[in-house]
Amino acid sequence: MRDTGPHPLAVAALTARSTAAREPLARAGDDPWTVGELARVIALQNLRPEDRGEALALLGGLHERGQVAEVHQGLHCQLAYAAGDPDTAEALLAEYRDVPEPVRAALAVDLGHASLATLLPAPKVRVTDGPGMPFDRITTGPAQRRGHERRITSIVTTWQPGPELLTSVRSLTRQTWTNHEILVVDDGSSTEFGPALRAAAGLDPRVRVIRMVAPGGPFVARNAGLDAATGDFVTFQDAAGWSHPLRLERQVAPLLADERLFSTTSAALAVTPVLVVTRPGLSTLGEPNPWSLMVRRAVALSRVGHFDPVRAGADLEYAERAHAVLGPAATMPVNGLPLALTRFGPDETVALRSYISAFRRWHTHVREGREPATRPRAFAVPRRLRGETGARAYDVVLAGDWTTAGGAGRAGIGQLRALAARRQRAALLHLDSPANLREGPRDLDPVVQDLINNGELTEVGLADDARARLVVARSAQVLQYAPDRPSGIRAQRVLIEDAVAVPAAATAAKRLFGQWPVWTPAGPDGRRLLSADTSVTVARLDLPSTLDAAQWRLDRRGPRADRPVVGRHCRGGPAEWRRLRDEVPETARLDVRLLDAAGSADRSFGRFGPPRSWLVYGPGDVSLRSFLGQIDFYLHLPPDDEPADPVPDLLTALAAGCVAVLPYRYAATFGDAAVYCTPEEVPDTVRLLHANRRALRDQSDRGAAYVRRHHTHALYAERVAHLAHPTAAQEPN
């Protein structure tokens with residue numbers, strides 16, 4: 001039994017935050033490890049009220065058979081405790097030998113076998129008697145104070161503060177580091193919160209309150225505190241958090257010891273207001289605490305700059321920007337026990353994917369010296385993070401996987417530009433293809449992200465308030481496992497570019513965009529397949545794959561070598577490689593070259609690897625353009641059930657001047673733009689054409705001309721603009 005993790009399908013499901021994304025994992029097998037991974041996904045997603053109970057039941061069934069994998073034993077204990085069954089949690093904890101020590105220690109505190117003080121450094125934490133939540137009654141024993149000539153400024157930003165502000169500020173007044181300035185920056189709270197702010201100021205003479213005129217968000221307030229600070233070092237504090245008396249002293253020590261170091265951070269222990277530590281899925285006691293960042297004020301202002309004035313996520317951006325400017329040694333985490341407590345409630349995920357992708361691309365330019373770090377924001381920020389409200393209107397929204405692996409940008413950039421040339425207000429929406437999430441979330445394709453950052457392309461997010469005449473999903477796959485979170489996008493009509501109607505994708509389109517979809521094939525064979533399904537509506541117009549043919553044009557004056565060079569761009573997994581092995585003959589008369597885009601060739605063939613006569617390029621070994629320049633013939637050997645319509649990889653090869661070798665069933669679509677044969681006929685077909693230099697060049701020219709006539713971005717934009725019109729006809733089955 002495999003007992004390591006995580007399962008790639010579990011990573012994909014957790015990143016997607018979709019209940020539908022659990023299905024591939026549920027089908028992956030019934031071995032104990034896979035079932036435990038499914039339970040982990042259900043528990044951590046926690047998207048439905050019954051999820052935690054379902055996950056507990058799955059692990060309970062494994063427990064009855066003695067099959068709970070080591071990596072899931074801690075989760076089983078945590079779920080039992082969270083379900084309100086401490087007796088079962090205690091029994092499981094005693095039975096399981098492989099529960100991670102942090103999980104065991106947290107449960108020991110929550111089950112009453114240890115105190116919270118065991119999870120934090122001395123002086124010991126205790127909870128005093130009195131009114132209010134236990135979190136707000138935390139105190140510690142006395143600690144030795146330390147004077148120093150270097151001052152630290154702590155900045156606490158707050159809005160509409162309650163009693164928790166006093167808990168936060170009080171913990172700062174009790175720090176052992178005495179040369180300490182405490183700035184409470186109020187982000188435009190109404191006058192009724194004045195008493196709470198005055199109470200905070202009255203806790204210690206070192207506390208100073210700064211009141212902003214109007215709310216601007218926590219990072220606008222943080223920047224105001226940074227400008228007003230007088231300390232040599234500046235750190236930050238969550239208005240609802242609590243700092244151990246040693247936090248400042250321990251965080252400043254590395255900065256005093258090494259003048260080259262810019263900042264430090266420390267860990268925090270997340271607890272509920274009643275000081276419960278256990279949280280299902282959490283296997284550490286010290287989570288990184290972004291609020292704990294302590295920086296050299298002079299370096300921050302002169303070289304790194306201010307925080308991005310967004311509503312959330314700017315602490316992550318600032319830390320990564322510092323690394324871009326100052327290198328990996330810019331920040332040092334202070335190791336050891338947590339030095340703060342933070343409050344956690346129900347799991348909530350703020351959608352920051354677009355923001356992170358945008359700022360990381362800008363940081364690349366900063367790191368390369370092409371952009372100054374201190375200039376005002378030079379990247380795109382989602383409207384919701386800017387605090388903007390009100391609906392935006394678009395004619396067309398293209399929804400697809402815009403990461404490099406997803407490939408939507410290959411044609412999508414040109415299609416969006418072509419739509420703009422037709423005066424269509426167009427935007428892109430990123431939806432993940434689950435196959436590309438098995439190693440976690442990916443940033444957008446760098447070329448796409450640069451165009452978004454410089455304002456040439458517009459990106460919308462599911463949470464945006466947007467109205468669209470037409471939403472076009474580039475495939476059913478990106479909707480089939482779409483996130484379960486609510487969508488703010490509403491469309492007059494929705495198209496799905498696919499030849500296979502997937503009910504789950506149609507349901508997702510209705511949920512996300514408010515309309516049942518119309519299915520749009522790429523060509524006549526896809527239309528034939530869709531027309532056989534009486535439950536779907538098919539658009540009257542096909543939406544063909546497109547590309548910029550001039551971008552791929554290569555010089556083709558004759559054969560590449562003295563024997564035919566055949567090849568293929570391979571994107572799939574074991575099934576595609578097995579099909580190639582069965583259908584591509586091994587013969588010295590052919591030079592076979594393959595581009596393994598997914599890096600799956602070695603594991604697909606086992607320890608003996610691909611046939612020795614093949615030349616297989618791995619990911620990154622050679623560019624697609626260079627690869628296509630090496631080959632004379634492009635082999636397209638799809639499964640028998642795949643529609644005989646043009647696909648992007650095949651069109652790219654034709655545009656590059658490769659001669660396409662296709663099954664006979666493609667003849668009705670491509671005509672004289674390709675050559676046709678069975679797998680057994682491949683060697684003779686390509687050998688005869690290769691021997692006739694003039695015929696080979698003419699066939700290459702016919703293929704490239706076919707792409708230029710039938711697969712331009714302008715044609716795609718023309719058809720999309722027509723389908724976006726309210727009177728565009730649809731063809732019900």
Side-chain angles (χ1 to χ4, degrees), residues 1-48 50-83 85 88-89 91-104 107 279-284 432-441 477 480-481 484 504 572-578 598-609:
M1 176 181 71
R2 181 178 178 181
D3 194 11
T4 58
H7 195 296
L9 292 175
V11 175
L14 288 171
T15 305
R17 291 192 61 80
S18 161
T19 54
R22 304 170 185 175
E23 295 172 4
L25 181 60
R27 296 193 301 267
D30 57 0
D31 63 280
W33 175 69
T34 303
V35 174
E37 281 293 274
L38 177 61
R40 185 174 69 88
V41 166
I42 295 172
L44 270 60
Q45 280 187 339
N46 198 24
L47 295 171
R48 306 173 303 179
E50 65 271 22
D51 276 354
R52 291 276 171 86
E54 183 178 336
L56 185 58
L58 285 172
L59 291 172
L62 293 174
H63 177 257
E64 290 177 359
R65 300 188 296 274
Q67 294 180 326
V68 178
E70 294 178 6
V71 293
H72 302 130
Q73 292 178 2
L75 176 63
H76 194 189
C77 299
Q78 291 171 326
L79 286 172
Y81 181 83
D85 190 353
T88 298
L92 291 172
L93 195 62
E95 176 185 345
Y96 289 148
R97 301 177 58 185
D98 297 300
V99 174
E101 189 53 40
V103 174
R104 190 177 294 277
L107 282 165
R279 179 169 51 175
L282 184 65
S283 59
T284 62
D432 287 299
S433 176
N436 299 327
L437 291 178
R438 297 185 181 190
E439 296 179 0
Q477 190 178 44
Q480 187 175 0
Y481 303 111
D484 281 38
E576 180 178 2
W577 288 104
R578 285 194 295 269
S600 59
D602 288 340
R603 63 177 181 269
S604 298
F605 287 104
R607 63 191 181 95
F608 295 108

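Please read these numbers as outputs of a predicted model, since none were measured by experiment.
Residues Arg40 and Leu59 are not in side-chain contact: their nearest non-hydrogen atoms beyond the backbone lie 4.5 Å or more apart. Here the side chains of Trp33 and Val71 are in contact, with some heavy-atom distance below 4.5 Å.
Of the residues Val11, Leu9, Asp432, Leu14, the one that meets the side chain to side chain contact (heavy atoms under 4.5 Å, CB included) test with Leu437 is Asp432.
Cys77 SG to Glu95 CD: the interatomic distance, rounded to the nearest 0.5 Å, is 8.5 Å. Between the CG atom of Leu47 and the OG1 atom of Thr19 there is a distance of 6.5 Å, given to the nearest 0.5 Å. The structure places CG of Leu62 at 6.5 Å from CD of Gln67, a figure rounded to the nearest 0.5 Å. A distance of 9.0 Å separates CH2 in Trp577 from CG in Asp602, rounded to the nearest 0.5 Å.
Using modelled atom types, no side-chain atom of Arg52 and backbone atom of Leu79 make a donor-acceptor pair closer than 3.5 Å.
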Original post:
Going through the distances and angles, do Glu54 and Arg48 end up as a side-chain contact (heavy atoms from CB on, under 4.5 Å)?
Top reply: CA-CA 10 Å; Glu54 183 178 336; Arg48 306 173 303 179; 2.9 Å; yes
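Looking only at atom types and distance, the side chain of Gln73 has no donor-acceptor partner in the side chain of Arg97 under 3.5 Å away.
Using a cutoff of 4.0 Å between basic side-chain nitrogens and carboxylate oxygens, Arg22 and Asp51 are scored as salt-bridged.
For Glu439, the CD atom counts as loosely surrounded, since its 6.0 Å shell holds 12 or fewer non-hydrogen atoms of other residues, nucleotides or ligands.
Among all heavy-atom pairs drawn from Ser604 and Gly573, the shortest one is OG-C, 3.9 Å.
Ring geometry for His76 against His63 counts as perpendicular: the plane angle is over 60°, on a 0 to 90° scale with 30° as the lower cut.
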